[in-house]
Amino acid sequence: MTLETVGFWVVATVLLASSLAVVLTPNLFHAVLYLAAALVATAGVFLLLEQPFLFAVQLLLYAGGVVTIVVFAIMLTERLVGERIAQTSRHVVNGAIVAAAVFVGIVGFLIGAPLGAPRPAGTVDTTAAIGRALVGPFAVTLELLGVLLVVALLGALYFARSEE
Amino acid sequence: MTLPPAAWHAIEAFIVLNALLVLVAYVTLLERKFAARMQSRIGPYYVGRPHGWLQPIADALKLMMKEDIVPTASDRWVYNLAPIVFLLPCLLIFATIPFAPDLGVADLNIGVLFFLAVSSLEIVGLFMGGWGSNNKYALLSAMRAVNQIISYDLPFIFAALVPVLLAGSMQMSAIVAAQQGLWFVAYPVVGQLAFLAFLVATLAAENRVPFDILEAESELVAGFRVEYSGMKFALIQLGEYAHMLGTSFLGALLFLGGWLGPGPAALGPVWFLTKAILIFLVVTWVRWSFVRIRVDQILAISWKLLLPATLALLLATGLVVAMRGPGGA
Amino acid sequence: MIGLPAYLILGALVFSIGLFGVLTRRNAVGILLGIELMLNAVNINLVAFARFNGDVAGLVFTLFTISITVAEVAVGLAIVIAIFRVRRTVEADRLDLLRG
Amino acid sequence: MSAFTLELGLGAVMVLVFGGSLTSRGADRRWIAWLATAGILTLGIVSALVKPTPPALSGMFVLDGLAIFAKRLFLAATFIGLLAGIGADAVACGRRAGEYHLLILSSLLGMLVLASARDLILLFVAFELMSIPLYVLAGFLKGQDEAVEAALKFFLVGSVSSAVMAYGLSFVYGAARTTDLARVAQAFAPGQPLLLLGLLAVFAGFAFKIAAFPFHMWVPDTYEAASTPFVAWLSVAPKAAGFVALFRVYFEGMGDRVATWVPIAAGLAAITIVAGNLMALPQQNAKRLLAYSGIAHIGYMLVGFAAASASGTAMVLFYLVAYVFGNMGAFLVVEAVARSERSEATAALRGLAQRSPLLALAMLLFLLSLGGIPFVAGFWAKLYVFWAAAAAGLYWLVLLGAVLTVVALFYYLIVAKRMYIEAPDASAGRIRLPGTLALAVILCALVVVGLGLYPKPIVMAALRVAAPLF
């Protein structure tokens with residue numbers, strides 16, 4: 001077993017366990033914490049795939065950003081209600097069946113796919129390559145993303161401010 | 001000796017970590033002494049006479065032996081884990097800081113980004129503590145913290161990116177190397193402004209006075225850690241100071257030329273430490289000189305002043321770099 | 001050595017778990033967390049493909065999906081807070097003013 | 001002219017609106033609405049002059065006939081939607097007029113780019129840019145329970161579908177080793193199950209955006225709760241954009257492999273037609289009725305998609321034009337009545353012929369067009385779509401569609417009966433409507449009649465732009 005194999009199994013276990021906990025725990029706040037764990041584990045996957053830049057972005061935006069916003073929303077809403085929100089699930093059996101069917105379906109497609117290609121040697125510096133792609137061929141897409149972020153900010157502000 | 005590289009890294013990390021813990025302990029003593037001087041007091045004196053040299057050790061021992069209290073109504077699991085989750089990123093940020101050329105755990109090529117990313121995780125531990133305590137003050141403090149950290153993350157990142165742009169690299173050692181001729185703090189106009197913004201954002205991101213509304217003793221007792229005692233309290237305290245120290249190191253690296261200085265290369269770490277302590281002392285100086293400001297003022301400063309200003313600064317830096325042409329310093 | 005299929009199956013598992021959360025949660029925030037998991041699976045897929053294909057476009061794609069997700073979450077939680085102001089509930093199946 | 005003329009122009013309009021809303025205070029901001037409308041009108045005129053250009057951005061961004069056709073349609077729909085909104089009270093002209101128009105314009109920007117995107121990443125970002133403002137706009141009346149609730153539903157379903165779509169795109173990228181759609185088509189050879197999986201998942205995402213049957217649940221709620229001029233626009237423009245993107249992804253450069261999609265699209269078309277029409281039958285709220293009938297129309301368009309041929313695509317484009325004007329017109333009449341009656345029930349339309357003969361006539365035209373009666377636009381649209389499907393051998397689908405068209409006529413004619421045969425309520429007086437709204441309704445009616453009498457130019461244009469896809 002190489003270090004990479006060990007790392008993969010550790011990260012995969014953490015990721016799957018915390019993902020399951022996200023959808024199963026009755027406590028909403030705990031669910032968010034598990035999500036944070038799952039997101040950090042995903043960052044670990046990126047590290048295993050030798051993408052330190054995406055590792056950092058994942059931590060910064062997802063674990064630092066998304067989790068913070070969600071926690072903030074939970075705190076705010078619970079304070080408005082004045083009680084702890086228990087979260088319940090419904091149609092658990094049906095949901096499990098559908099999710100399992102989707103998984104089996106995906107795996108069915110994967111089995112037939114030619115995926116045996118070995119991992120090519122890592123390029124030296126993907127960070128620079130990403131940067132060049134962002135301001136090169138994907139420059140217009142990046143600009144569009146900028147508009148999208150501004151619009152999302154505008155929309156979030158519109159809802160969050162109270163005028164009445 | 002032929003150890004695998006991973007083992008070397010582990011040993012290196014172990015040494016850095018322990019040196020760090022000692023350093024953090026003594027930084028608290030430094031702060032107390034410094035504060036005392038500002039107020040014409042003496043500060044810690046008796047333990048380790050004449051100047052309280054053993055005070056941090058005594059403090060640590062005291063905290064370790066204190067009773068560990070867990071509030072009955074707390075979310076036990078979250079409450080107990082919070083100090084560790086809080087401390088971990090605060091220590092991890094040191095992983096990419098080189099203390100001299102080739103002296104550090106890992107000099108990643110995304111060093112600065114790694115620092116910013118990992119330190120953004122600190123908040124998770126913070127609101128775990130605030131939430132888990134099931135205490136009104138703690139929760140309020142955690143909410144304020146979220147507010148403040150969301151607001152000041154961006155200016156902090158933008159300010160830190162100015163040296164990155166000037167150096168053309170996110171690698172810490174490359175940034176220092178680029179300051180060979182001129183420290184970035186001395187870089188005309190953009191350097192000083194960025195350093196100033198960096199300092200202000202640091203104060204806010206570290207929840208230091210005048211931005212310490214989340215632990216505001218007079219309103220929230222001690223903020224999110226109000227319920228913590230004993231070793232857990234010590235861990236949180238350790239985390240805070242480690243983070244503060246880490247940010248000081250980052251500031252010294254980004255703006256003050258890191259280990260560059262007169263004298264032989266072996267003096268590098270000394271220079272570096274001196275500069276970092278200097279930044280730390282500036283922050284402490286602000287802490288003991290200013291009053292706390294209101295929540296809305298804090299947010300207004302960030303969104304209406306600091307954020308646009310740092311963004312404009314970043315743009316200006318981009319222009320400077322573009323006009324200077326690639327490669328030159 | 002861990003091959004591409006292992007990463008893809010990991011992604012598929014996370015995606016299915018997220019889908020399960022979306023289907024079963026009653027609370028709007030809970031559903032949102034499930035969606036986050038699904039998008040996380042997308043990122044795992046993209047990075048794994050990019051790495052094994054030796055191509056940078058997938059990494060750029062990941063950056064875009066991550067940023068878009070954050071924007072989406074911000075909008076979604078703002079809606080949740082707005083709905084709380086008027087209704088005091090975020091249970092998806094108590095939201096039944098509009099029906100049929 | 002560069003390939004980005006329209007997008008840049010729209011960006012300029014957005015900056016103007018943004019700057020305008022920053023500099024002015026006060027509760028009456030009608031002039032912002034005028035500004036935005038005038039901007040879109042100008043862009044519409046400019047779009048008439050735009051000529052196809054070679055692909056820009058190393059092939060990511062194409063301005064071919066299809067893109068130009070679609071962009072003109074989006075601009076026309078947005079122009080009418082904004083024009084109709086000017087008279088509206090609080091939403092489009094009140095204190096938040098700046099936000100309202102910026103959101104609509106940015107969604108439009110997403111559509112414009114979407115019509116030209118030939119790169120998976122650009123496509124995804126454009127799709128999200130189109131969708132996110134819609135979530136906000138759906139809940140724009142945030143003081144009302146129903147509006148925010150509808151926004152939440154719309155948002156949740158929309159985000160799930162985005163996630164599914166992104167998951168599909170990740171497989172498409174992985175199997176094709178590129179994000180360039182032109183090269184994806186080349187990679188789509190037998191023995192690429194991952195590409196098939198990816199395109200299937202992407203299809204599910206599209207089905208949501210165009211509101212095909214099992215993915216439609218957000219539609220009636222959102223339509224009922226949001227402000228009507230916005231809904232009129234929402235019911236057509238994003239759908240049209242979804243279809244254009246659908247053609248891009250599934251047809252462009254696929255050659256004879258398009259046949260893969262026929263069974264899926266045909267099945268989806270069939271259930272969408274059946275479900276949409278049957279669910280429309282019992283509706284008492286005019287907006288919900290139009291929502292479900294709109295779902296059925298998506299089904300008819302999917303019939304043309306299932307034909308998977310140049311003529312099928314062209315006929316869907318023609319159908320889109322007819323649907324855009326017919327459906328918007330119907331919504332706007334409902335809005336006009338609702339403004340004077342404060343009710344969106346179909347009962348409010350009672351005796352409309354006596355209270356406002358012109359409005360009733362316009363509504364009748366729109367209903368006939370939606371129902372597919374000869375000499376209005378909808379007739380040719382349905383006929384052509386069925387024609388193309390028959391040419392592709394999908395006789396059962398044509399038969400099914402024809403049968404359910406009769407069902408649809410039933411509920412359209414009930415509304416007509418209310419307007420023309422039933423007597424008005426005693427309390428109901430004449431309907432007065434603002435000039436801008438009247439103008440919007442008249443424009444829609446003119447197009448519907450014009451296309452019904454002389455459909456040839458649009459049909460020829462649609463055929464011309466659809467041909468290069470195959």
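Just so it is clear: chains get the letters A, B, ... in the order the sequence lines come, proteins before strands, and each one is counted from 1.
Residue with the most contacts toward chain A among C:Gly54, C:Gly18, C:Ser67: C:Ser67 (heavy-atom pairs, distance under 4.5 Å). Put simply, of A:Val151, A:Leu154, A:Leu145, A:Ile111, the one with the most heavy-atom pairs under 4.5 Å next to chain C is A:Leu145. Comparing A:Val45, A:Val92, A:Leu149 by how many heavy-atom pairs each has under 4.5 Å with chain C, the most go to A:Val92. Comparing A:Ala99, A:Ala101, A:Gly65, A:Ala38 by heavy-atom pairs within less than 4.5 Å of chain C, the highest count is held by A:Ala99. Contact count versus chain C (heavy atoms, under 4.5 Å) is highest, among A:Ala31, A:Ala156, A:Gly155, A:Pro137, for A:Ala156. Between chain C and the options A:Val66, A:Leu153, A:Leu148, A:Val98, heavy-atom pairs under 4.5 Å are most frequent for A:Val66.
Within the 4.5 angstrom heavy-atom criterion, only side-chain atoms of A:Leu35, from C-beta onward, approach chain C. With a threshold of 4.5 angstrom between heavy atoms, C:Ala41 does not approach chain A through any atom at all. Heavy atoms closer than 4.5 Å to chain C are found nowhere in A:Tyr34, neither backbone nor side chain. For A:Leu157, no part sits under 4.5 Å from any heavy atom of chain C, backbone or side chain. If you measure heavy-atom distances from A:Leu110 to chain C, the contacts under 4.5 Å come from the side chain alone. Heavy atoms closer than 4.5 Å to chain A are found in both the backbone and the side chain of C:Val47. A:Phe8 touches chain C through its side chain: at least one heavy atom from C-beta onward sits under 4.5 Å away, while N, CA, C and O do not. For A:Leu24, the parts sitting under 4.5 Å from any heavy atom of chain C are the backbone and the side chain alike. Heavy atoms closer than 4.5 Å to chain A are found in both the backbone and the side chain of C:Leu39. Both the backbone and the side chain of A:Leu142 come within less than 4.5 Å of a heavy atom of chain C. Interface residue A:Val32: backbone and side-chain heavy atoms are both found under 4.5 Å from chain C.
Remark: A:Val140 engages D:Phe4, D:Leu57 in a side chain to side chain contact (heavy atoms under 4.5 Å, CB included) (not counting sequence neighbours). Applying the side chain to side chain contact (heavy atoms under 4.5 Å, CB included) criterion to C:Thr24, with sequence neighbours excluded, gives A:Ser89, C:Phe20.
Distance OH/A:Tyr62 to OG1/C:Thr69: 3.5 Å, rounded to 0.5 Å. Rounding to the nearest 0.5 angstrom, the gap separating the CZ atom in C:Phe64 from the OG1 atom in A:Thr141 is 5.0 Å. In this structure, C:Arg51 CZ and A:Glu50 CD are separated by 4.0 Å, a value rounded to the nearest 0.5 Å. Remark: C:Leu37 CG to A:Leu39 CG distance equals 7.5 Å, nearest 0.5 Å. Interatomic distance, A:Leu28 CG to C:Arg25 CZ, rounded to the nearest 0.5 Å: 8.0 Å.
A 4.5 Å side-chain heavy-atom check between C:Leu63 and A:Val57 finds at least one atom pair inside the cut-off. For the pair C:Asn43/A:Phe46, a side-chain contact is recorded, criterion being any heavy-atom separation below 4.5 Å from C-beta on. The closest side-chain heavy-atom distance from C:Asn40 to A:Gln58 is below 4.5 Å.
When the options A:Leu134, A:Thr127, A:Thr126 are evaluated for a side chain to side chain contact (heavy atoms under 4.5 Å, CB included) with C:Leu59, the one that passes is A:Thr126. Here the options are C:Ile79, C:Leu77, C:Val80, the test is side chain to side chain contact (heavy atoms under 4.5 Å, CB included), and the partner is A:Phe159; only C:Ile79 passes.
Shown here for C:Ala78 and A:Ala160, the closest heavy-atom pair between the two residues is CB-N, 4.5 Å. Nearest heavy-atom pair across C:Val60 and A:Ala133 is CG2-CB, 3.7 Å. C:Val70 and A:Leu61 get closest at one heavy-atom pair: CG2-O, 3.9 Å. Between A:Ile106 and C:Ala12 the shortest heavy-atom distance is CG2-CB, 3.8 Å.
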Practice task
Please report the C-alpha distance between A:Leu15 and C:Ile44 in whole Å, then the side-chain angles of each, then the deciding distance to 0.1 Å, and finally whether the side-chain contact (heavy atoms from CB on, under 4.5 Å) criterion is met.
Solution key: CA-CA 11 Å; A:Leu15 177 55; C:Ile44 294 177; 3.7 Å; yes
